[in-house]
Amino acid sequence: MSESSKSKSSNLNATPSLQCKDLHEYLKSRSSQFLETLYNYPTICLAVYRELPELARHFIIRLLFVEQPVPQAVVASWVTQTHAKEQSKASEALTELSVWHEAPIPGGLPGWLLSQSFKKNLKIALLGGGRPWSMSQTLEPDGKARDVAFLDAYALERWECVLHYMVGSQQTEGISADAVRILLHAGLMTRDAEDGSAVITKAGFQFLLLSTAKQVWLFLQHYLHTAEKRNLSSAECLAYLYQLSFSTLGKDYSTEGMSNNMLMFLQHLREFGLVYQRKRKAGRFYPTRLALNITCVRDGIAPLEAKRSQGYIVVESNYRLYGYTQSTLQVALLGLFTELMYRFPNLVVGVITRESVRQAFRGGISAQQIIKFLEQHSHPQMLCAESGGIKTSSLLPPTVVDQIRLWESERNRFTYTEGVVYNQFLSQADFVVLRDYARAQSVLSWQNERTRTMVVTRPGHDDVKKFWKRYSKSS
């Protein structure tokens with residue numbers, strides 16, 4: 001008997017989903033040396049602590065003032081057996097982020113010990129001490145102070161310059177070559193083979209339908225990956241970003257004491273709309289809501305996202321769509337999956353058709369993303385719409401939601417799974433025994449008794465292989 005692996009993608013028309021990693025997932029992908037450098041900043045230690053599971057935070061507080069390793073059996077005894085899964089996840093998270101590591105105790109038993117740099121700087125973040133932030137310098141009252149409404153408008157205007165560039169809008173003033181390079185590095189845009197112009201990719205289409213907070217955080221992740229090319233420390237930049245996330249909206253902060261590298265980084269953040277600075281040499285800046293929302297990636301719509309959308313879409317059961325907006329960006333977003341028919345000064349009318357939705361699918365947008373986008377930006381009038389007596393959790397007409405999903409399922413008629421082929425059995429009896437065992441374990445994908453061939457799922461391969469070895473030796 002021989003075996004061979006057959007790998008297929010999970011879907012015939014599948015497009016890799018754009019992953020927006022939160023802080024935990026992002027740090028998991030970085031090296032332990034990078035994490036060790038990062039934990040020299042109290043701000044990051046506090047941010048990591050806040051992102052951890054509740055049980056992991058409980059472990060840290062218990063070990064924070066313990067200088068010697070604590071036996072792993074003792075740590076395990078802090079949790080009852082009914083919460084063993086939560087304990088396992090907490091321990092795994094702390095290990096992946098290098099917050100603690102294994103250390104032997106006298107007698108050779110394994111123990112847990114918090115990272116020294118993480119322990120030291122988390123104490124500073126929680127209890128005080130250390131050096132004060134450079135941006136916490138006292139400032140004279142600003143004669144041209146900016147209020148929260150101005151900062152929100154400024155942040156959206158600057159960030160939408162990037163989005164306008166992605167959708168090919170004419171309003172692309174203000175985007176720098178550096179921002180374009182980040183979009184290309186992230187795979188959100190690519191160079192056209194003919195004229196060399198930047199065009200949006202499938203990942204870029206998915207990016208446009210994310211919330212503003214997720215867009216900014218994903219963009220900044222790729223900025224950090226290319227920070228070394230600008231002679232910037234990615235660890236220092238990330239620490240400064242989270243320092244800004246702990247600032248107060250509407251308050252001005254000083255640039256005194258900032259290094260030249262951080263002043264350069266500040267100008268890049270100014271370009272993306274994360275900070276407002278009247279002039280480069282003003283000596284002060286205002287963090288915007290984009291900077292404060294970096295920690296809101298896991299949540300739903302951030303406050304600025306709510307300000308941005310304000311509910312402007314009405315969808316009718318006849319697939320007609322009305323967008324009450326003057327924003328060319330919002331019109332361009334609707335055009336990704338809608339056939340636009342009329343354009344008025346403050347209204348755009350379109351219809352959701354099979355072809356317009358399939359075009360979006362080809363661009364990498366999923367049915368769930370379209371539905372979620374329409375729900376997030378639904379006009380308040382949609383709350384008053386009747387669903388014909390049909391109970392539904394969505395604001396949208398059930399016929400529209402179901403039809404979009406059906407159009408997507410048309411493209412996904414075949415489902416491919418990864419598996420291992422077993423063939424060339426020496427006897428029919430051997431084939432029957434192994435097939436019956438695989439079937440009993442619910443790992444048999446396909447079998448043909450005439451050709452003595454069977455396919456086992458990839459997760460069940462190891463178990464079937466072990467059984468075959470035991471059966472071969474006994475027979």
Side-chain angles (χ1 to χ4, degrees), residues 18-21 26 29-30 34 38 135 151 153-192 195-201 203-208 210 212-245 253 255 258-282 285-294 297 304 329 332:
L18 186 67
Q19 297 295 324
C20 182
K21 301 177 181 178
Y26 172 73
S29 64
R30 304 307 298 264
F34 177 84
L38 204 58
M135 63 187 232
L151 295 176
Y154 171 82
L156 279 181
E157 178 189 355
R158 296 305 309 160
W159 181 246
E160 287 188 354
C161 283
V162 178
L163 304 184
H164 274 297
Y165 182 83
M166 292 184 66
V167 297
S169 170
Q170 299 299 318
Q171 302 180 23
T172 57
E173 300 88 353
I175 186 169
S176 68
D178 194 52
V180 175
R181 282 193 292 269
I182 295 173
L183 293 174
L184 294 171
H185 174 270
L188 304 178
M189 303 193 77
T190 186
R191 292 291 182 188
D192 188 86
D195 57 9
S197 61
V199 293
I200 194 168
T201 64
F205 279 116
Q206 298 178 46
F207 177 83
L208 290 172
L210 295 175
T212 303
K214 289 185 177 181
Q215 287 175 349
V216 173
W217 174 234
L218 186 62
F219 185 85
L220 289 174
Q221 284 184 38
H222 290 283
Y223 177 95
L224 295 173
H225 280 301
T226 59
E228 306 299 336
K229 297 179 181 178
R230 305 178 185 85
N231 297 320
L232 297 174
S233 165
S234 55
E236 188 178 8
C237 291
L238 184 60
Y240 189 76
L241 278 174
Y242 271 85
Q243 184 174 325
L244 289 177
S245 73
Y253 293 89
T255 60
M258 291 179 62
S259 65
N260 291 333
N261 285 345
M262 285 297 98
L263 287 173
M264 181 194 307
F265 181 53
L266 186 68
Q267 293 308 311
H268 291 160
L269 296 182
R270 177 190 182 191
E271 177 192 342
F272 307 144
L274 274 76
V275 300
Y276 167 77
Q277 194 176 25
R278 191 164 50 86
K279 295 187 299 184
R280 284 176 178 263
K281 297 183 180 180
F285 65 92
Y286 293 81
T288 69
R289 210 182 294 268
L290 289 183
L292 273 65
N293 284 348
I294 288 177
V297 175
L304 188 59
L329 175 62

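This chain uses plain numbering: 1 for the first residue, then up along the sequence. Note that the structure is predicted; figures quoted are calculated from it, not measured.
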Determine which pairs satisfy salt bridge (Lys or Arg N to Asp or Glu O under 4.0 Å) with at least one residue from residues 175-190, sequence neighbours left out, and list them in order. Asp178-Arg181, Asp178-Arg230
Might you point out which heavy atoms bring [X] and [Y] nearest each other, and give the distance in Å?
{"X": "Gly273", "Y": "Arg158", "answer": "CA-CB, 3.6 Å"}
{"X": "His185", "Y": "His225", "answer": "CE1-CB, 3.9 Å"}
{"X": "Leu183", "Y": "Ile175", "answer": "CD1-CD1, 4.5 Å"}
{"X": "Leu232", "Y": "Cys237", "answer": "CB-SG, 4.0 Å"}
{"X": "Leu244", "Y": "Pro287", "answer": "CD2-CG, 4.1 Å"}
{"X": "Phe34", "Y": "Ser234", "answer": "CE1-OG, 3.1 Å"}

What I'd like to find out is whether the side chain of [X] reaches to under 4.5 Å of the side chain of [Y], using heavy atoms alone.
{"X": "Leu184", "Y": "Arg191", "answer": "yes"}
{"X": "Leu220", "Y": "Leu274", "answer": "yes"}
{"X": "Leu208", "Y": "Ile200", "answer": "yes"}
{"X": "Phe207", "Y": "Leu163", "answer": "yes"}
{"X": "Leu224", "Y": "Tyr26", "answer": "yes"}
{"X": "Trp159", "Y": "Thr288", "answer": "no"}

Please identify each residue that fulfils ring-ring contact (aromatic ring centres under 6.0 Å, His included) with Tyr276, with sequence neighbours left out. Phe150, Tyr154
Let me confirm one number: the CE-OG1 distance from Met166 to Thr201, rounded to the nearest 0.5 Å. 7.0 Å
Between the CH2 atom in Trp217 and the CG atom in Leu241, the distance rounded to the nearest 0.5 Å is 7.0 Å
Judged by atom type as modelled, is there a donor-acceptor pair below 3.5 Å linking the side chain of Gln277 to the main-chain atoms of Phe285? no
Measure up the Phe219 and Phe272 rings against each other and bin them: parallel (under 30°), tilted (30 to 60°), perpendicular (over 60°). perpendicular
